[in-house]
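Remarks on the structure that follows.
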Amino acid sequence: MFSSMKYVYEVYKERSFSKAAQNLYISQPSLSNKIKKVEAKVGAALFERNTIPLRLTDCGEKYIECAKQIMEIEHSFADYLYNADKLKTGRITIGGSQFFISFILPSILEVFKQKYPQVDIVISEASSVALEEQLFNGSLDLAVDSNSLNSDIYERFLCREERLVLAVPASHKANALVSAYQLTLQDILDNRHYSEDQHPVPMKFFVDEPFILLGPGNDSRKRADQLFADQDIVPKLLVQPEQQFTAYTLANNGMGATIVSDALLRCLAPSDRLVYYKLPDKFSQQSLYFYYKHNRYITPTMHRFLEVAQAQLGCRQSEA
């Protein structure tokens with residue numbers, strides 16, 4: 001009953017037998033006969049023929065819904081056959097944070113485009129919540145995020161490990177109380193915050209500090225909330241941006257303290273406007289992952305992109 005779905009779909013699209021017949025290069029009587037044969041197999045009318053323009057019946061609505069699913073599967077397989085030819089063409093959609101898109105992705109894309117110049121790459125910059133929504137509904141092939149997504153729904157590749165640190169404007173008075181814990185940017189670049197000899201700063205000294213924390217749903221915000229709860233502190237929230245780079249910029253301009261990844265600090269121009277502090281390991285260890293939807297068809301383009309990312313960043317498939 002779906003062998004003639006292209007005829008039904010064309011009538012549905014044009015809302016007219018005559019226009020559909022013209023598009024299909026067949027006569028209108030021939031098209032009407034094909035639709036009647038489908039309706040005979042289905043056992044119900046698909047169109048309400050006494051309306052202008054034509055409207056689908058309830059059964060017709062369900063038929064079109066199923067037809068779209070079948071066509072999507074056919075298109076997916078056609079893409080596979082087309083893309084499999086040495087990636088002479090193809091398309092991939094990648095989503096990530098402002099930081100990832102600006103500082104990590106370019107080095108991957110440079111190598112990828114040298115190898116596969118004909119592949120179209122679509123980039124989406126969004127918050128963690130928006131990225132998961134786009135990945136789930138299929139508008140993204142790959143998403144890069146530090147959130148831990150549901151392993152029943154998503155597969156993931158470990159992109160890299162990061163550490164979160166507390167960044168405080170150097171001019172703020174609270175720094176004078178914790179000078180023994182203080183780290184410079186060079187200390188961060190030298191990984192001093194990884195050392196067991198460097199102790200985490202007690203957050204109680206920053207109880208009056210205005211904080212710039214990412215909005216709810218971001219992994220960094222979840223870790224910050226856990227840190228404050230663990231030390232019985234209710235932070236004074238100044239603003240809640242969606243992007244870590246925005247939070248850093250606001251802090252660097254003296255507005256308040258924030259929590260940023262050391263990976264971000266390694267990518268930015270040096271600044272002496274901030275000082276840094278180590279945070280407890282259980283709250284500061286963060287992983288960045290490439291995610292794609294579980295049990296979906298992984299195109300050759302996606303395979304090649306992940307291979308390049310693995311070579312550039314050391315990504316590897318991760319256990320959930």
Side-chain angles (χ1 to χ4, degrees), residues 1-95 116 118-124 126 130-143 149-155 291-305:
M1 66 182 67
F2 285 98
S3 59
S4 299
M5 66 182 181
K6 69 175 183 178
Y7 301 108
V8 178
Y9 187 82
E10 196 65 30
V11 174
Y12 152 73
K13 187 180 71 172
E14 296 294 345
R15 296 293 196 270
S16 165
F17 275 88
S18 60
K19 290 182 180 179
Q22 290 176 5
N23 294 344
L24 294 166
Y25 300 101
I26 61 174
S27 66
Q28 186 172 333
S30 176
L31 177 59
S32 295
N33 286 334
K34 291 180 182 297
I35 300 299
K36 287 178 181 178
K37 288 180 180 179
V38 174
E39 290 176 326
K41 290 182 179 179
V42 171
L46 300 179
F47 296 98
E48 294 182 5
R49 290 172 170 78
N50 58 348
T51 62
I52 299 177
L54 284 174
R55 291 190 304 179
L56 291 168
T57 63
D58 289 342
C59 183
E61 293 276 4
K62 187 63 179 177
Y63 184 96
I64 292 298
E65 179 185 334
C66 294
K68 286 180 178 179
Q69 294 176 9
I70 294 172
M71 287 188 290
E72 184 177 350
I73 294 171
E74 289 180 340
H75 291 159
S76 177
F77 186 63
D79 285 343
Y80 162 73
L81 295 176
Y82 204 53
N83 290 339
D85 184 18
K86 298 181 181 179
L87 292 192
K88 290 182 179 179
T89 188
R91 184 174 185 269
I92 186 170
T93 57
I94 306 163
Y116 312 109
Q118 302 303 316
V119 174
D120 291 328
I121 300 171
V122 180
I123 298 171
S124 174
L131 287 174
E132 183 176 2
E133 181 180 342
Q134 292 175 35
L135 191 63
F136 184 80
N137 66 30
S139 57
L140 286 180
D141 294 317
L142 295 169
L149 303 187
N150 190 334
S151 61
D152 291 333
I153 303 176
Y154 304 102
E155 298 281 353
Y291 283 99
Y292 58 88
K293 206 167 182 183
H294 187 58
N295 289 334
R296 67 152 289 169
Y297 167 64
I298 308 302
T299 67
T301 305
M302 291 171 64
H303 274 300
R304 300 296 189 276
F305 181 86

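Numbering of residues begins at 1 and proceeds along the displayed sequence. As a basis for the values below, the full set of heavy atoms in this structure was taken, side chains included, without hydrogen atoms, waters or symmetry mates.
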Can you tell me how far the [atom1] atom of [X] sits from the [atom2] atom of [Y], to the nearest 0.5 Å?
| X | Y | atom1 | atom2 | result |
| --- | --- | --- | --- | --- |
| R15 | I52 | CZ | CD1 | 14.0 Å |
| K34 | L24 | NZ | CG | 9.5 Å |
| C66 | M71 | SG | CE | 11.0 Å |
| Y63 | I70 | OH | CD1 | 7.5 Å |
| F136 | E133 | CZ | CD | 10.0 Å |
| Q69 | I73 | CD | CD1 | 7.0 Å |

Hey, is [atom1] on [X] packed in by over 12 heavy atoms from elsewhere, all under 6.0 Å?
| X | atom1 | result |
| --- | --- | --- |
| N23 | CG | yes |
| E14 | CD | yes |
| R55 | CZ | no |

With the side chain counted from C-beta on, respond yes when [X] and [Y] share a heavy-atom pair under 4.5 Å apart, and no when they do not.
| X | Y | result |
| --- | --- | --- |
| I26 | E10 | no |
| F305 | V119 | no |
| Y12 | K68 | yes |
| R91 | T301 | no |
| Y291 | L131 | no |

Do you know which two heavy atoms are closest between [X] and [Y], and how far apart they sit?
| X | Y | value |
| --- | --- | --- |
| K293 | Y154 | CA-CD2, 4.0 Å |
| T57 | F47 | CG2-C, 3.7 Å |
| C59 | A44 | SG-CB, 4.0 Å |
| Y292 | D141 | CB-O, 3.4 Å |
| L140 | S124 | CD2-CB, 3.9 Å |
| E48 | L54 | O-CD2, 3.5 Å |

Tell me if a side-chain donor or acceptor on E39 pairs with a main-chain N or O of L46 at a distance below 3.5 Å.
yes
Tell me whether T93 contacts the main-chain N or O of V122 through its side chain, where contact means a donor paired with an acceptor under 3.5 Å.
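Absent.
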Give the intermediate values and the outcome of side chain to side chain contact (heavy atoms under 4.5 Å, CB included) for residues I92 and M302.
CA-CA 7 Å; I92 186 170; M302 291 171 64; 4.0 Å; yes
Pair V42-K62, side chain to side chain contact (heavy atoms under 4.5 Å, CB included): steps then yes or no:
CA-CA 11 Å; V42 171; K62 187 63 179 177; over 6 Å; no
